[in-house]
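Here is how names work: the chains are called A, B, and so on, in the same order as the sequence lines, proteins then strands, and each is numbered from 1. Because the structure is a prediction, the values reported are computed rather than measured.
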Amino acid sequence: MPELPEIETIARGLRPRLEGATIATVNVRRRDYVRCPPPSASAHLAGKRVRKIRRHGKRLQLDLAPDGEITVHLGMSGRLGLEASSATIAKHTHLRISFRGRNLELRLTDPRRFGHVRVRPHRSSESDLGPDALAIRLPAFRQLLSRPRQIKSLLLDQTFIAGIGNMYADEALYEARIHPLRPANSLTQKEIERLYNAIENVLSSAIGNKGASIENYIRPDGTLGTAHFQFRVAHQRNKTCPVCGGPIERMPVRNRGTYFCPACQT
DNA sequence: CCCGGAACCTGAAGGC
DNA sequence: TGCCTTCAGGTTCCGG
């Protein structure tokens, strides 16, 4: 599923082709997926220019000129792609946007519909998201960990730090050798620094792999990426820890499969 | 404030 | 082959 690295990859792919483009038509197939004030998404968007494409956490944002914005959250199974206007429309396509003078459509598919799109006629500066996981500085990160909440639960809370999903939380905690259930405020300074560095490391190396493997990991379709081969604990059911050779364990944390090495993560 | 659990949703995967 | 169950997880909400 798309997490920060995959969204970043999408943003980098869209920028050179969409920034500067002017929206021609908007086709909303599933109304409840696209949240938009009246009268319609089309009325708000047609004729506007894509000024800038940004990412914050797992959220992708298209800033429009002269005003307005589109924000996209892909949830678990969302895909965002550019296709020729004549290309067959895939199942579960909820939104299509075409652009003036270009044989291109931005298409969003999302079978499970955990994602959503928001259309706003005016840009808003407010955000319900915490600082981006790749932009946060160490002192701010340290500040976030000053509460007793379980560390994994904290990492997954997008209002505290934005962009980390279940798999990357497991990978970062493993790399930092920290048990997922440790109260955040019990971490030593050294552990906090290890975790901070591990998050940056895990996320940027996944971006280096174009985050492509994540989607393929869930739904292998013959075009396997490479990043999931780098997972050391996440989803490594019945495998052994590459460091100590002991078994990797799985336990539920807030209803999520949590993988960790009980010997290395303390 | 923190936690656990349920709900939303579809497709993949495994059992029989 | 095919039906059935289980699992997967980002987010939100509810009860303890």
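A:H116 places no side-chain N or O within 3.5 Å of a backbone atom of A:L74 that could act as its donor or acceptor partner. Distance alone, capped at 3.5 Å, is enough to place a donor-acceptor pair between the A:D67 side chain and the A:R123 backbone.
Residue A:G115 is out of contact with every strand shown, counting any heavy-atom pair closer than 4.0 Å.
For the helix from B:dC2-C:dG16 to B:dC16-C:dG2, the end axes, each set by the C1' atoms of five terminal pairs, are bent relative to each other by 50° (nearest 10°).
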With sugar-phosphate taken as primed atoms, P, OP1 and OP2 and all else as base, the protein-contact string of nucleotides 3-8 of chain B at under 4.0 Å (heavy atoms; B, S, -) is SBBBBB

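Rounded to an integer number of Å, the gap from CG of A:D157 to P of C:dG10 is 13 Å. The separation between A:K58 atom NZ and C:dT12 atom C1' is 13 Å, rounded to whole Å. In this structure, CG of A:L144 is placed 12 Å from P of B:dC2, rounded to the nearest angstrom. The separation between A:L156 atom CG and C:dG9 atom P is 10 Å, rounded to whole Å. Nucleotide C:dT12 holds its P atom 8 Å from the NE2 atom of A:H73, rounded to whole Å. Nucleotide C:dA8 holds its P atom 22 Å from the CG atom of A:L74, rounded to whole Å. Between A:D110 atom CG and B:dT10 atom P there is a gap of 10 Å when expressed in whole angstrom units. Whole-Å rounding puts the A:M76 CE to B:dA12 C1' distance at 11 Å.
When A:E3, A:K152, A:E171 are each tested for a side chain to side chain donor-acceptor pair (under 3.5 Å) with A:N166, only one passes: A:K152. Each of A:D132, A:D128, A:T71 was evaluated against A:R59; a single residue qualifies, A:D128, per the side chain to side chain donor-acceptor pair (under 3.5 Å) test.
A:Q265 and A:P180 make their closest contact through NE2-CD, 4.1 Å (heavy atoms, listed as atom of the first residue, atom of the second, distance).
Proximity note for A:P111 (side chain, C-beta onward) versus C:dT11, B:dG11, C:dG9: the nearest is B:dG11.
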Let me check something: any side-chain donor-acceptor pairs from residues 81-88 of chain A under 3.5 Å, sequence neighbours excluded? List them with distances.
{"unit_1": "A:S85", "atom_1": "OG", "unit_2": "A:N103", "atom_2": "OD1", "d": "3.2"}

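Taking side-chain N and O atoms only, A:R250 has a distance below 4.0 Å to OP1 or OP2 of C:dA8. A:K91 has a side-chain polar atom (N or O) that falls below the 4.0 Å cut-off from OP1 or OP2 of B:dG11. Between A:H116 and C:dG10 there is no side-chain polar atom (N or O) within less than 4.0 angstrom of OP1 or OP2. Look at A:Q158 and you'll find a side-chain N or O under 4.0 angstrom from OP1 or OP2 of C:dT11.
In this structure, a donor-acceptor pair under 3.5 Å is present between the side chains of A:Q189 and A:R142. Using modelled atom types and a 3.5 Å distance limit, the side chains of A:S146 and A:N185 yield no donor-acceptor pair.
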Candidate pair A:R149 and A:D157, rule salt bridge (Lys or Arg N to Asp or Glu O under 4.0 Å), full reasoning:
CA-CA 11 Å; A:R149 194 162 160 189; A:D157 185 337; 3.0 Å; yes

